[in-house]
Number of protein chains: 2
Amino acid sequence: MGEINIKKLACELNLSAATVSRALRDSHEISSETKARVLEMAKKLNYEPNPFASNLRGQKSKTIAVIVPEIANNFFSLAINGIEDVARKLDYHVLIYQTHESSEIETSFLMRLLSGRVDGILISLACETVDKEHIKKVSDQLPVVFFDRVHDDIEGMKIATDDYESAYNAVQHLVENGCKKIAYLLALNTLSTGNKRLQGYLDALKYNNFPDDKNLIMESGANSDENYALIKNLIAEQKPDGILSSIEDLAMPCYYACKELKLNIPRDLKLISYSNLAHAELLNPSLTTINQPAFEIGVEAAGILFKIFNKRWYEPNETIILKSNLIKRESTRGNV
Amino acid sequence: MGEINIKKLACELNLSAATVSRALRDSHEISSETKARVLEMAKKLNYEPNPFASNLRGQKSKTIAVIVPEIANNFFSLAINGIEDVARKLDYHVLIYQTHESSEIETSFLMRLLSGRVDGILISLACETVDKEHIKKVSDQLPVVFFDRVHDDIEGMKIATDDYESAYNAVQHLVENGCKKIAYLLALNTLSTGNKRLQGYLDALKYNNFPDDKNLIMESGANSDENYALIKNLIAEQKPDGILSSIEDLAMPCYYACKELKLNIPRDLKLISYSNLAHAELLNPSLTTINQPAFEIGVEAAGILFKIFNKRWYEPNETIILKSNLIKRESTRGNV
DNA sequence: TTTATTTACGTAAACGTTTACGGAATAATA
DNA sequence: TATTATTCCGTAAACGTTTACGTAAATAAA
């Protein structure tokens, strides 16, 4: 409860609230002496305008919402970092919500945000089947920018990475280093993000005349224990010599599974994984990763949102693609 | 701009705005039939009360602020995760701010929050020398809970971990595994958090009758390049056989430095580091860490804040200590 | 001098809620 | 029946801003 408000401030200065308000907003209608007096007093009394009154009056909140599946994930926290950086420079506030991959929670957040609490939304969709209906309802009323976890069937501005190409190139990299049987750890398959990665994998297989073997595609399970079992089973049964993991959570269990199965990475099995694992460099062996420009995605997404605010953006339904980076490390080193 | 507001909703129902408002808030003054009608229509029209009007009228924002040095840090993102979890259950909103360790930015955020935008603040202090003045000013007006990065000289509610004991025990663990010359990578030394870790280290040395050698304490530099150089120098010159790193950012360079100096971890040098490195398990060799209960710290801090809101907390100046967990891994394995 | 323009400020309404107060209708009590 | 209590709802004020409108004084133009 900031005890000081614009009326008291005005009273203190023998001015009207209107004049004070205008002075603080540097209006041309106010003389420079008065402005100086007001500024000084405002500083002295530590006056901060009540944002609710301003927002109510102005129908602007200077606040944006970021909705992500998880905060405690290197990719998302880097993206939020980028978003916060842009927001801070523009004196915007950032509300954070995490869905834990539940579209029910996601929808509930979105509905709550219809209240006008935020001027716009940045969202990375949950994996669960998307509720197009509700998202449409929100994006009809508010600027929404989708980032990374996007869905082709949902119209809107999107910032994504070159999922198809990066997956394709990753497979090529495996092939070039001698892989003949490449498995794919499937996730995000309810989203375009996941589909494009899968398609890149499939097309690269085709290009290399590799058989199209469904058994080599492992769909992620309900929890990490199940995932570990599935992966171990995949490696033991199918004996792939290369694995492309579509998310980092599925790459880590590969290390453990190989250890248990007495397989050597990269000699017996080469591994590539999406995306922004913090210390891929220091894993044993260091892990070849497809690095997404997470921070930049956040910056870009926030940038587009602010352009929309300022009517400096007119493409309602464009997808901006940023390039991922294949960082080659020991886990895919060719056998010499 | 939610086009629908309480007046239109009332109009649609042939009721007054007051009645609708009361019905939505389940007031006893409203008949159950009317309540049902209102609820139904509100749902149908997707009505969400304008939060700014409510907040302005009620002087409550249902929003809390979280100020941290960095979001993209495993410890902080886990803590935020915990905070968000608690907030969501109570229908609170969470604003995120990062200071990038700058007390100037920190102060600026704090001052801006005096506007009443939030009902309370959770803060983990920046390393830079703390501006006690401004923090005092804020905590006089708003409930503030400090977590992890705390400062003894600043009064208030604090959630921290057993920094002294965990450092002491870490040194003991090194000694038990044969270390005779243990270095310390110093950081956070402007905060109590850092001081206690250092003190734990020093006292453990004393307990073991190890000499008190200032050269074994390396203060972190301005950036990661400098840190790497300092660490390499420390290892090369002082030839410690054990290192305790007070933050994870200083532990990673040890791996690189040892690689370059052809030293083997843990044979030639044993390493322990704070705190929540994501994949310490998979490093080469796996890293012994002092794991802080990051998520729980977030939950606890948020819980206290909400208790303060509900006047269910009366200790203005208490420190709650959560236990860290020393997770022993290969980097401190004894020579056999 | 008279009139138009500019400057600098005040008045009051509006933003969308919530709630104190009041009041009419109904039910309970005397 | 007369009085009181209860139930249910409406009126209007208030929260702290911002801004359209008005206006008095000073200045410029005629």
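Below, read A as the first sequence line, B as the second, and so on, with proteins coming before strands; counting in each chain starts at 1.
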Backbone N/O of B:Asn81 and side chain of A:Gln98: donor-acceptor pair under 3.5 Å: yes

Side-chain donor or acceptor of B:Ser61 paired with backbone N/O of B:Arg117 under 3.5 Å: yes

Phosphate oxygens OP1/OP2 of [N]: is one of them under 4.0 Å from a side-chain N or O of [X]?
X       : N      : answer
B:Ser21 : C:dT18 : yes
A:Tyr47 : D:dT17 : yes
B:Ser16 : D:dG10 : yes
A:Ser54 : D:dG16 : no
B:Thr19 : D:dC8  : no

Nearest-neighbour nucleotide for the [X] side chain, [options] considered:
X       : options                : answer
B:Leu56 : D:dT18, C:dT18, C:dG16 : C:dG16
A:Arg22 : C:dT18, C:dG10, D:dT17 : C:dG10
A:Gln59 : C:dC15, D:dC8, D:dT17  : C:dC15
B:Ile6  : D:dG10, C:dT17, D:dG16 : C:dT17
A:Arg25 : D:dT11, C:dT17, D:dT18 : D:dT18
B:Thr34 : C:dT17, C:dG10, D:dC9  : D:dC9

Euclidean distance, atom [atom1] of residue [X] to atom [atom2] of [N] [Å, nearest integer]:
X        : N      : atom1 : atom2 : result
B:Lys7   : C:dT17 : NZ    : P     : 9 Å
B:Asn55  : D:dT17 : CG    : C1'   : 14 Å
A:His28  : D:dT19 : NE2   : C1'   : 12 Å
B:Arg57  : C:dT18 : CZ    : C1'   : 4 Å
B:Arg37  : D:dC8  : CZ    : C1'   : 13 Å
A:Arg117 : C:dT17 : CZ    : C1'   : 13 Å
B:Lys60  : C:dG16 : NZ    : P     : 23 Å
A:Lys8   : D:dC15 : NZ    : C1'   : 13 Å

5' priority, DNA chain D, between B:Ala53 and B:Asn14 [closest heavy atom]: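 Its nucleotide being nearer the 5' end, the pick is B:Asn14.
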
No-H, no-angle donor-acceptor pair, A:Glu29 side chain to C:dC9 base, under 3.5 Å: yes

Interatomic distance, A:Lys35 atom NZ to A:His28 atom NE2 [nearest 0.5 angstrom]: 9.0 Å

Check: A:Phe147 and A:Glu300 side chains under 4.5 Å, non-hydrogen atoms: no

A:Gly120 versus A:Leu305, closest heavy-atom pair with distance: C-CD2, 4.0 Å

Over all atoms of both residues, closest heavy-atom pair of A:Val94 and A:Val66: CG1-CG2, 3.7 Å

